[in-house]
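Once you've had a glance at the structure underneath, I'll fire off some questions.
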There are 2 protein chains.
Amino acid sequence: MTENDKQTESRILEAASEVFLEKGMDGARMQDIADRAGINKSLLHYYYRTKDHLFNTVFEKTVNQMLMRFAPVLDQDLTFEEKIRFFFHEHIDFLMNNRRLPSFLLNEINRNPERMTKLMEKIEVHKLWDTLHAQHKKELNAYNINREDFPQIMVSVAALSLFPFAGFEIVSRILEKHGTGFDEFIEKRKDFATQFVIKALKK
Amino acid sequence: MTENDKQTESRILEAASEVFLEKGMDGARMQDIADRAGINKSLLHYYYRTKDHLFNTVFEKTVNQMLMRFAPVLDQDLTFEEKIRFFFHEHIDFLMNNRRLPSFLLNEINRNPERMTKLMEKIEVHKLWDTLHAQHKKELNAYNINREDFPQIMVSVAALSLFPFAGFEIVSRILEKHGTGFDEFIEKRKDFATQFVIKALKK
DNA sequence: GTCTATAGAAGGATAGAC
DNA sequence: GTCTATCCTTCTATAGAC
């Protein structure tokens, strides 16, 4: 693979990423991707054979990028509450730079659930529970957290940071009416969500 | 309009609703809708001229149906906490019968934000605040609820009930690994979310 | 109001020259 | 590796018969 190939290939991937995130798999056009990459349509096929293959490449790359960002949460030497804070700040910061990601991922997975199959190997919620539980055995006595409710808690935490972005257009317009901007709202949200969850879980 | 027209027209609308919610605007096919309605493709155009017009009809009908369901929350003669409980039970019950709705609405609005313009006339968050505040003036002293944080609270409440459905395919697969079904999870969620929010907001 | 047939356009994909 | 030209299918939409 020459240096030139690499350039073109990554330009394509970048352009494809933009278009797929904006329009979704069904709404995206190969012509549009080619234009943004500054190349010809047939060159897309030369590198990625089909639209489907190009999409899958973008999809997996995007998911990996997102998951990798949060692996460190567990490794950190932090108290339980600090981990919650750390998560919301990291997660929301990341989403701020990838606003369309939540809506894109949720939607494409719902339309084509098989995409979850590969993904499931990477998401290990029970390991997350085991790790957290081991790391904070004593601390957790101060909270209402048990194995049975853990899924409810996880979904709630994810919801609180993902939803504002998934509903970006709705939320931002409602905020506008209130005289607040989305960016300001999101900046406050890091602390709000942190406190919200901690208070909700504390005994 | 004859009785026959009405039958066909509503059969089309029902079929279109199914297909659009499953596939989205871009993924939906007029042929598919015609087949499900048990009619010919050109008859769709006879009734709704264009795919776009058919989609808009379905979209607005769906939104209205959803909004109407929750107008009664404010009218009820309930305490503040009972209203939160009432909302989560009603909302989640409704979504249980319309699982694809959250993902569909969020996505179509993000793809085409102009759809929000008409919608905004119907969503009056500041009125909601005024009404709630007037109804529970004394009660609210026991909670951390002020006008400034109201959007954060609203978005959080919406997130907690909408997100599990918006992320249906992800959530249900993760639950599967934990040995729980989605239905069971959702049934528990009504109370979980209620308690979660109340605890988080209480002083 | 409903159907058949078909126009017309768009989009994904390939062949072949350079 | 990159481009031009073009094929082939799919899809929306319309014309016209009944």
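Here is how names work: the chains are called A, B, and so on, in the same order as the sequence lines, proteins then strands, and each is numbered from 1.
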query: Regarding A:Lys51 and A:His45, is there a side-chain donor-to-acceptor distance under 3.5 Å anywhere?
result: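 The answer is no; no qualifying pair exists.
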
query: Within the structure shown, what part of the strands sits under 4.0 Å from B:Ala34 by heavy-atom distance: base, sugar-phosphate, or nothing?
result: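 No contact.
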
field: Proximal nucleotide (of D:dT12, C:dT2, D:dT2) relative to the A:Thr8 side chain
entry: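 Shortest atom-to-atom distance from the side chain points to D:dT2.
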
field: From A:Asn144 atom CG to B:Phe196 atom CZ, the distance as rounded to the nearest 0.5 Å
entry: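 It comes to 11.0 Å.
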
- prompt: When the distance from NE2 of B:His53 to P of D:dT12 is rounded to whole Å, what number comes out?
  reply: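 The distance from NE2 of B:His53 to P of D:dT12 comes to 17 Å, rounded to the nearest Å.
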
query: Whole-Å distance between C:dT2 C1' and B:Gln7 CD?
result: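 These atoms are roughly 14 Å apart.
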
message: Check the phosphate of C:dT2 against B:Ser42, side-chain N and O only, distance under 4.0 Å to OP1 or OP2. Yes or no?
response: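 False: B:Ser42 side-chain N/O out of range (4.0 Å or more) of C:dT2 OP1/OP2.
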
message: Can a side-chain donor-acceptor contact be found between A:Ser156 and B:Arg189 if the only test is distance below 3.5 angstrom?
response: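 Yes, a side-chain donor-acceptor pair sits under 3.5 Å.
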
query: B:Leu43 CG to D:dC18 P: how many Å, rounded?
result: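 Rounded to whole Å, this separation is 18 Å.
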
task: Validate the cation-pi geometry between A:Arg115 and A:Phe59: distance from NZ or CZ to the six-membered ring centre under 6.0 Å, angle to the ring axis within 45°.
output: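 Pair A:Arg115/A:Phe59 counts as cation-pi.
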
task: Kindly say whether, by distance alone, the side chain of A:Lys41 makes a donor-acceptor pair under 3.5 Å with the base of C:dG12?
output: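 Side chain to base: pair found, below 3.5 Å.
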
- request: Check the distance between D:dT12's P and A:Asp26's CG and give it to me in whole angstrom.
  value: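 Atom CG in A:Asp26 sits about 12 Å away from atom P in D:dT12.
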
task: Starting at atom NZ of A:Lys51, determine the distance to atom C1' of D:dT9, rounded to an integer number of angstrom.
output: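 In whole Å, D:dT9 C1' and A:Lys51 NZ are 14 Å from each other.
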
- prompt: To the side chain of A:Asn40, which of C:dT4, D:dT4, D:dG1 is closest?
  reply: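 The answer is D:dT4, which lies nearest to the side chain.
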
- prompt: In whole Å, what is the span from the OH atom of B:Tyr48 to the P atom of D:dT12?
  reply: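 Rounded to the whole Å, the gap is 17 Å.
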
- request: May I ask you to verify if any side-chain N or O of A:Arg29 is less than 4.0 angstrom from the OP1 or OP2 atom of C:dG12?
  value: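 Affirmative; the distance criterion is met.
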
message: Is there a side-chain contact between B:Arg49 and the phosphate of D:dA13, meaning an N or O under 4.0 Å from OP1 or OP2?
response: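 No, B:Arg49 has no side-chain N/O under 4.0 Å of OP1/OP2 on D:dA13.
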
C:dT2 phosphate, OP1 or OP2, under 4.0 Å from B:Tyr47 side-chain N/O: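 Checking B:Tyr47 against C:dT2: at least one side-chain N or O falls below 4.0 Å of OP1 or OP2.
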
query: Whole Å only: how far is the CD atom of A:Gln31 from the P atom of C:dA9?
result: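 After rounding, the gap between these two atoms is 17 Å.
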
field: Distance in angstrom units between B:Phe55 CZ and D:dA13 P, rounded
entry: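 Going from CZ in B:Phe55 over to P in D:dA13 covers 14 Å.
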
- prompt: Using a distance-only test with no angle check, is there a side-chain donor-acceptor pair under 3.5 angstrom linking A:Thr50 and A:Asp52?
  reply: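 Result is no, nothing qualifies.
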
